[in-house]
Amino acid sequence: MQYNKETSIGYALTTTLNLLRKHFNREIKKFDLSSEQYGVLKLIFEEKQLTPTQIAELLNRDKATITRIIKSLDNKKLIKKEQINNRSFYVKLTAESEKIIKEVDKIALKYHKKIIDEIGESKIKEMLSTLKKIRNLF
């Protein structure tokens, strides 16, 4: 098999993610939120509290990017910090961010449903399993 943009897994994943982000960001702009910020908020919502290092590890992002996102969310009063010690803190949600997550979740579920309706639940499960196998290679 030849290696080009038509056969590249990385190209397919990147362009698909970029397209989804572009459309999703357009819809959640009214909440003054980006898809990256929503992803961090959603992760904290599910876990209740996380350190920046834990967020970076769970999202496979560098700590500098997560620090930037946390600073932005803090400036918007969507998170609160709870000191653990002099060097670390937990990130928790505010009541306002919990309301926003519920609204943005509706938009995310609309995308999820559209994809499942078009592709089918079994193929989505297969794709998620395949992506997990790829992640586990590294």
Side-chain angles (χ1 to χ4, degrees):
M1 174 167 53
Q2 249 187 335
Y3 182 75
N4 56 43
K5 70 179 176 139
E6 300 302 320
T7 61
S8 170
I9 295 166
Y11 181 81
L13 290 172
T14 300
T15 55
T16 303
L17 177 61
N18 289 344
L19 182 65
L20 286 170
R21 269 193 187 148
K22 181 172 123 181
H23 287 273
F24 188 64
N25 280 333
R26 200 176 294 148
E27 287 203 51
I28 67 171
K29 188 176 185 177
K30 62 186 169 196
F31 297 100
D32 190 27
L33 210 58
S34 71
S35 57
E36 282 187 315
Q37 292 168 342
Y38 167 69
V40 169
L41 289 176
K42 186 69 174 172
L43 190 60
I44 298 166
F45 179 81
E46 291 176 0
E47 300 293 330
K48 306 301 179 222
Q49 66 180 22
L50 292 167
T51 66
T53 300
Q54 290 171 321
I55 294 168
E57 288 171 0
L58 288 166
L59 294 177
N60 265 323
R61 301 299 304 262
D62 60 274
K63 192 138 185 270
T65 299
I66 298 304
T67 299
R68 178 183 48 78
I69 293 169
I70 288 171
K71 184 176 181 178
S72 176
L73 292 171
D74 192 32
N75 289 340
K76 295 176 186 185
K77 309 280 191 253
L78 294 176
I79 58 159
K80 52 191 172 191
K81 298 175 182 176
E82 183 181 289
Q83 283 301 131
I84 298 171
N85 55 43
N86 289 340
R87 296 187 58 186
S88 192
F89 58 90
Y90 284 118
V91 180
K92 296 182 173 187
L93 299 180
T94 62
E96 179 62 22
S97 64
E98 289 189 21
K99 289 179 200 170
I100 289 172
I101 287 170
K102 289 177 183 174
E103 290 301 311
V104 177
D105 276 354
K106 292 175 188 174
I107 297 167
L109 283 170
K110 179 180 79 170
Y111 280 82
H112 186 76
K113 183 178 177 347
K114 183 177 183 172
I115 293 167
I116 285 179
D117 287 350
E118 178 64 29
I119 296 171
E121 199 167 334
S122 65
K123 290 209 179 212
I124 295 296
K125 284 181 182 179
E126 185 180 333
M127 179 186 67
L128 292 172
S129 174
T130 300
L131 291 171
K132 185 176 182 178
K133 288 177 184 176
I134 292 170
R135 284 192 305 273
N136 288 338
L137 292 172
F138 306 95

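Keep in mind that the numbers below use all heavy atoms, side chains included, and drop hydrogens, waters and symmetry copies.
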- request: Please test S34 against N25 for side chain to side chain donor-acceptor pair (under 3.5 Å), starting from the C-alpha separation and ending with a verdict.
  value: CA-CA 6 Å; S34 71; N25 280 333; 5.1 Å; no

query: Roughly how far, to the nearest 0.5 Å, is CD of E47 from NZ of K42?
result: 11.5 Å

field: Distance under 6.0 Å and angle within 45° of ring axis: K48 vs F45
entry: yes

- request: Verify, without hydrogens or angle tests, whether T94 (side chain) and K77 (backbone) share a donor-acceptor contact under 3.5 angstrom.
  value: yes

Salt-bridge contact E98-K92 (side-chain N to carboxylate O under 4.0 Å): no

message: Tell me if a side-chain donor or acceptor on T130 pairs with a main-chain N or O of E126 at a distance below 3.5 Å.
response: yes

- request: Report, as yes or no, whether the 6.0 Å neighbourhood of atom NZ on K71 holds more than 12 heavy atoms from other residues, nucleotides or ligands.
  value: no

query: How many angstroms lie between NZ in K63 and CD1 in I70, if you round to the nearest 0.5 Å?
result: 8.0 Å

- line: The reported gap from NZ in K5 to OG in S8 (rounded to nearest 0.5 angstrom) is 11.0 Å

task: For S72 and Q37, test the side chains for any donor-to-acceptor distance below 3.5 angstrom and give the result as yes or no.
output: yes

- prompt: Does any non-hydrogen side-chain atom of Q49 lie less than 4.5 Å from one of I44?
  reply: no

- prompt: Do we see a donor-acceptor contact under 3.5 Å between the side chains of N85 and S88?
  reply: no

message: Ring centroids only, cut at 6.0 angstrom: are F31 and Y38 within range, meaning strictly under it?
response: no

task: For the residue pair K110 and K114, establish whether any side-chain heavy-atom pair is separated by less than 4.5 Å.
output: no

field: Candidate pair T15 and N18, rule side chain to side chain donor-acceptor pair (under 3.5 Å), full reasoning
entry: CA-CA 5 Å; T15 55; N18 289 344; over 6 Å; no

query: Mind checking whether L13 and L17 sit in one hydrophobic cluster, side chains of I, L, V, M, F, W, Y counted as touching below 4.5 Å?
result: no

- prompt: With the threshold set at 4.0 Å, does a side-chain nitrogen-carboxylate oxygen contact exist between E103 and K106?
  reply: yes

Taking every non-hydrogen atom, the tightest pair across K123 and I119: CB-CG2, 3.6 Å

- prompt: Side chains of H112 and I116: closer than 4.5 Å at any heavy-atom pair?
  reply: yes

message: So I101 and L93, do their side chains get closer than 4.5 Å, heavy atoms only?
response: yes

- prompt: Same hydrophobic cluster for L128 and L43, using side-chain heavy-atom links shorter than 4.5 Å among ILVMFWY?
  reply: yes

- request: Check whether any side-chain heavy atom of V91 lies under 4.5 Å from a side-chain heavy atom of T51, and answer yes or no.
  value: no

Within one Ile-Leu-Val-Met-Phe-Trp-Tyr cluster: I115 and I107, side-chain cutoff 4.5 Å: yes

message: For a 4.5 angstrom cut-off between non-hydrogen side-chain atoms, does N136 reach K132?
response: yes

Greater than 12 external heavy atoms within 6.0 Å of Q83's CD: yes

message: Using a 6.0 Å cut-off, check whether atom NE2 of H23 has over 12 heavy atoms from anything other than its own residue.
response: yes

statement: CZ of R21 to CD1 of I28, rounded to nearest 0.5 Å, is 10.5 Å

field: Salt-bridge contact D74-K80 (side-chain N to carboxylate O under 4.0 Å)
entry: no

- prompt: Okay, side chain of T7, backbone of Q2: is any donor-acceptor separation there less than 3.5 Å?
  reply: yes

Greater than 12 external heavy atoms within 6.0 Å of R87's CZ: no

- prompt: Considering only heavy atoms from C-beta outward, does the side chain of I100 approach that of E96 to under 4.5 Å?
  reply: yes

message: Membership question, hydrophobic clusters at under 4.5 Å side-chain separation (ILVMFWY): are Y111 and L131 in the same one?
response: yes

query: How many angstroms lie between atom CD1 of I79 and atom OG of S97, to the nearest 0.5 angstrom?
result: 8.5 Å

task: Return the minimal non-hydrogen interatomic distance between L78 and L41, and the atom names on each side.
output: O-CD2, 4.0 Å

- prompt: For E46, does the CD atom have more than 12 heavy-atom neighbours from other residues, nucleotides or ligands under 6.0 Å away?
  reply: yes

- request: Test N4 against Y11 for side-chain contact (heavy atoms from CB on, under 4.5 Å), laying out the working first.
  value: CA-CA 9 Å; N4 56 43; Y11 181 81; over 6 Å; no

task: Report whether M127 and L19 are members of the same hydrophobic cluster (ILVMFWY, side-chain heavy atoms less than 4.5 Å apart, transitive linking).
output: no

field: Within-4.5 Å side-chain heavy-atom neighbours: E36 and V40
entry: no

- prompt: Which distance, rounded to the nearest 0.5 Å, do you find between the OH of Y90 and the CD1 of I55?
  reply: 12.0 Å

